[in-house]
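Below you'll find the structure, written out as structure tokens, and then a few comments.
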Amino acid sequence: MSLGDTLKPFSAWKHLFKEPLSVKKPLTERPGADRYRGFHKNEIDKCIGCGTCEDICQNAAIDLVPVEGIDTKEGDSGLRPQIDYGRCCWCALCVDVCTTNSLTLSNEYTWIEEDADKFRFIPGADNKSWDHNEKGWKKPENNYEFYALERVEMQERHAEERVQSFIEIIKGYSKEKAQEEADRCVACGICTATCPAHMGIPEYIKAIREDDMEEGLRVLYETNPLPEICGRICTHKCETVCAVGHKGDPLSIRWLKRYIADQVSLDKYKEILGSDGIENNGKKIAIIGSGPAGLSAAHYLSLMGYSCTIFEKLPEPGGMMRYGIPEYRLPYDQIDKDIKYIESLGVKIQCNTDIGKDITLAQLEKDYDAVFAGTGLHLGRSTRIPGTEHENVYMAADLLREITMGKEIHVAEKIVVIGGGNVAMDITRSLARKQKEIYGKVQVITTSLESEDIMPADREEIVESREEGAIINPGWGPQSIEIQDGKVKGLHVTKCLSVFDESGRFSPKFDEAQKDFFEGDMVVESIGQGADMSYISEEYKDKLEYNERGRVVVNKEFQSSIPWLFLGGDIIQGPDVIHGIANGHKAAIGIDNFLRDK
Amino acid sequence: MSKKDKNKLFNWGDDRSLFPENNPDGSIDIDLSSHKFVKVWHGPQHPGITGNMSLELTILGDEVMEGRTHVGYLHRGFEKLMERRKYIQCFPIVCRVAVPEPDFNEYCFASAMEELTGIDVPETAQWLRNLVLEMSRLQSFQMWIGGMAGALGSGIVGQWANYCRDSVLDRFEELTGGRIYHMYIIPGGVRGLLPDGFKQRMEQDLKMIESFMKDIETVMFNNAVFKKRTVGMGYIDPLWVDQFGITGPNARAAGVLRDVRIEYPYLKYEELNIEPVMGKDSDIYTRADVRRRELLQTIDLIRQILAKMPNDGDIRAKTPNVLHWKVPEGETYKRAECTRGEYGYYMVSDGSEYPRRINVRGPSYTHAVALLEKMIVNTNISDVAGLMVSLHTYPPEIER
Ligand SMILES: Cc1cc2nc3c(=O)[nH]c(=O)nc-3n(C[C@H](O)[C@H](O)[C@H](O)COP(=O)(O)OP(=O)(O)OC[C@H]3O[C@@H](n4cnc5c(N)ncnc54)[C@H](O)[C@@H]3O)c2cc1C
Ligand code: SF4
Ligand code: SF4
């Protein structure tokens, strides 16, 4: 210790003459840093109310609540996050995980209020002074993601290989890949709300993550008795609304469903699903048509104890799933697997039986307690342009049916297909395979009224058709079929400028100056199908109600104005398999409600 | 009582004759009914206590005969809480375990998860982690200097140190979005690159802090009062280092090297030039001086990191979806050198989405409970605060 030790400390006095260091907040404004985690903001129109923010919040500070002016619709729960600042710790995990990037934090950090309840607010809906503050926390960039944005790639057969035969294109996920894909799910359930059958999608995806296939199968069968089929060809409305799809690729929900079904062998189904020993209630139900609607109704009815008999006009059950959808998308053995399980519940399927001809509806009324009709759309529609009456002009649905039946069909060297939907792609690609087999090369040209951007077919169908050698040339209106010496020579077309008018009605406009001719020895029309309801004989027709589109009117449980007659599937709603399944399930409940107390 | 005896009571000097006899194990029998002893609660509301903790002191005259550390004022139970939280939900919790140094918690927690899951953190993120750990050391030492000076009656040093600390918190705010709870080192990486102009602003701060540190050295370390109250006080025997598990500056001031950064390098320490800061005398003064020098070393490390680190790159590895991140079954212990020594997270996973057990090893448990209770015996009650601060303890990490 020295004298210095006594004197030196006094040097602190020099600071007396310096600027004070303290900050005079609130006298001097001190804005938070650009990244500051301050008060919440939410772009209320961008937010989809998925609730992922609510899930991650460890403080349970977030509740999803209804907001005036925001309606529930497909892909939007209609709810919005409400945040309780009595609980929030401003970790911003909710921001980082937000599936739409709608949620951010401002850099505002002072808020004075007398009423403590005011600190529970709905960002974006309750106006706040910081709503338009650009600064504050946003989800970081530079590959900072809380879940993988890219879909796990699906192994597919190469175009070269697949056009050689009708072998299935999609190979399916391995366990590792399925789990990786399942991991991307945020389990928000927006998909469940949108799926016509309201499948427990997050639950079965969770089962994949946990590698519990039995649980997965149980979840599937709660709402869908055709998982092998739907896992392959479902129109997957769920994927269109998937919350993960807002920032990245939507989950491969369809392939994941298929993964579960593929893992379990049929002989285990009954045990896993606990469907043995269901007591028969003595009531009998007749089902017309073995498409998804009929099969679904039969499945759920038999679980409830009803004896069901399905009457099917065609030689094998499955409806359009078997006789429409080509084998390369949906192999027959997979259809068989789903149907065999339904049969194992005691459902009788009587094929080659045409209701209306072989058995009348009146007979069914007499012999059964209720009837469900899911007869589908099997009559091809024609453009009725000149030349369509020629024998080498076909309907897609007829050809597809004959291909399934193994019949020899006429396959020309050059073919023109009219239609821009998925059925047109199916017949294009089926005929391409046939041409490849017979002529060694593909010469199909498919044309549609719609231009490519509004073609109703799925994008991948268009891409894959092209890969297989077909020419897709959209945006043309068919005018006439050229016939020379009694032979089809091709299709005359005119440029189509627009398909719908301002009010969205079908009203195509053409540019007469632009014409083209597509050469072909055969033309196939694929512009839609209609219903054949001739089995409903006159005595019943009058008792039914019809809507402006000529469809039978049914109530929410698919019951018609003839109380014992229920209808569903394509003839009522859709057209796709999952609507058929959902209709069949609801109708089964409706039938049970109708018969339970009788 | 004679005048002479009275004197003795208030000024023990070297005459220990009135002291109770030591038992063979060194302890003494405290008989409160003898009226010789007084129980004093030092804390939890006491400016000389470091945070929410209290010391139950038994004094004889003004000399402490026995001291017991009491925690439990924070009512937290974070370790238990984490067993009921998904891993990602523990992320906003861990920073609260040691409030003044959240980053070591964030780092140990994240790296334990990453090790068990088998995730490599991107290079840029590793540098950024290293940066915030050193920034955290810098601001925490500033807080400590203020406390140390304050405990011995010098308010002005506390003002300066807090100003320095605030400037580091400004940098934290712009980098991490928060001043105190940074929540920046997230499992898989970090939550942001350096903002534009960060390095320049940091350098300005470092210069300013260096200048203040010179003042602090003059005013605090070359100060007769400070020296009188610290030199030769609060001796830690080097033998105790292993007996008690003493780490960090407390061990290094006793001449024993305990520095995780040097002994078990992690992040980028191997690429940095870092020499252990050591002391010899093992008293309060030496410990303070070790920390002062370590603070200056931290300034140097921050400069090295800013010079070496990449400016761009991925900041987070691809991890499982955080909403259902299952850490594979296993256990690990990850450690880092915080200002007070070895900080560690022991993590046990049963393979589920929730941690089975997380145990936080904060150096304060050793230093503020076991060690302090030993060292406090026979100190003058007026030195208790100084002794305690010289061990640099944070009660929150004792009570997890
Ligand atoms: C080519 C093509 C591809 C398609 N691709 C897909 C796809 O990828 N995904 C998708 O979801 N949907 C697809 N669909 C639509 C889907 O197949 C139908 O929406 C679905 O099969 C309709 O189910 P349903 O039960 O209403 O009728 P259907 O499946 O049409 O079944 C009706 C059944 O009733 C039988 N039937 C009719 N009348 C009688 C009668 N009088 N007596 C006895 N039996 C009768 C029919 O023979 C038929 O088997 C496709 C359709 C076609 C044509
Ligand atoms: S995560 Fe985002 S999109 Fe989903 S509810 Fe929360 S704020 Fe809305
Ligand atoms: S900032 Fe953190 S605590 Fe606050 S609402 Fe979001 S997730 Fe919950």
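Reminder, nothing fancy here: chain letters follow the sequence lines and each chain counts from 1.
- Neither the backbone nor the side chain of B:F226 comes within less than 4.5 Å of any heavy atom in chain A.
- When each of B:K326, B:K318, B:Q159 is checked for heavy-atom pairs under 4.5 Å with chain A, B:K326 comes out on top.
- For B:K80, the NZ atom counts as loosely surrounded, since its 6.0 Å shell holds 12 or fewer non-hydrogen atoms of other residues, nucleotides or ligands.
- Each of B:T319, B:T124, B:I93 has some count of heavy-atom pairs under 4.5 Å with chain A, and the biggest count is that of B:I93.
- Of the atoms belonging to B:R96, it is side-chain heavy atoms, and not backbone ones, that fall under 4.5 Å from chain A.
- In terms of modelled atom types and a separation under 3.5 Å, the side chain of A:Q58 and the main chain of B:M82 share no donor-acceptor contact.
- Looking at heavy atoms from C-beta onward, B:H324 lies out of side-chain contact with A:E210 at the 4.5 angstrom threshold.
- For B:P195, the parts sitting under 4.5 Å from any heavy atom of chain A are the backbone and the side chain alike.
- Each of A:H15, A:K139, A:R184 has some count of heavy-atom pairs under 4.5 Å with chain B, and the biggest count is that of A:H15.
- With B:N321 contributing its side chain and A:C185 its backbone, the two residues share a donor-acceptor pair below 3.5 Å.
- At least one donor-acceptor pair closer than 3.5 Å links the side chain of B:R316 to the backbone N or O of A:E145.
- Chosen from A:L105, A:N143, A:T6, the residue pairing most often with chain B at heavy-atom distances under 4.5 Å is A:N143.
- Rounding to the nearest 0.5 Å places CZ of A:F10 at 14.0 Å from OG1 of B:T218.
- Annotation for A:K46: atom NZ counts as buried by contact number, over 12 foreign heavy atoms lying within 6.0 Å.
- Using a 4.5 Å cut-off between heavy atoms, B:V225 does not touch chain A at all.
- Heavy-atom distances place no part of B:F172 under 4.5 Å from chain A, backbone and side chain included.
- Ranking A:L7, A:D96, A:D55 against chain B, the residue ahead of the rest is A:D96, based on heavy-atom pairs under 4.5 Å.
- Other residues, nucleotides and ligands place more than 12 heavy atoms under 6.0 Å from the CG atom of A:L16.
- When each of B:K227, B:R84, B:R179, B:K86 is checked for heavy-atom pairs under 4.5 Å with chain A, B:K227 comes out on top.
- Applying the 6.0 Å contact sphere to CZ of B:R357 captures more than 12 heavy atoms from other residues, nucleotides or ligands.
- Nearest heavy-atom pair, A:L93 versus B:I88, reported as atom, atom and distance to 0.1 Å: CD1-O, 3.6 Å.
- The existence of a salt bridge linking B:E173 and A:R30 is confirmed by a sub-4.0 Å separation between a basic side-chain nitrogen and an acidic carboxylate oxygen.
- Using a 4.5 Å cut-off between heavy atoms, B:K228 touches chain A through backbone and side chain atoms alike.
- For the set A:G4, A:A187, A:C91, the count of heavy-atom pairs under 4.5 angstrom toward chain B peaks at A:C91.
- Taking a 6.0 Å sphere around NZ of B:K199, one finds it holds more than 12 heavy atoms contributed by other residues, nucleotides or ligands.
- Interface with chain B: from residues 32-43 of chain A, residues A:G32, A:A33, A:R35, A:Y36, A:R37 qualify, criterion being any non-hydrogen pair under 4.5 Å.
- Ranking B:D312, B:L175, B:I216 against chain A, the residue ahead of the rest is B:L175, based on heavy-atom pairs under 4.5 Å.
- For B:R191, the parts lying under 4.5 angstrom from a heavy atom of chain A are both the backbone and the side chain.
- Side-chain contact between B:N222 and A:D5: present, with at least one pair of heavy atoms (C-beta onward) separated by less than 4.5 Å.
- Comparing B:I156, B:D166, B:I186, B:V231 by heavy-atom pairs within less than 4.5 Å of chain A, the highest count is held by B:I186.
- In terms of heavy-atom pairs under 4.5 angstrom with chain A, the leader among B:G313, B:G189, B:C90 is B:G313.
- With a 4.5 Å cut-off on side-chain heavy atoms, B:D215 and A:S11 do not count as touching.
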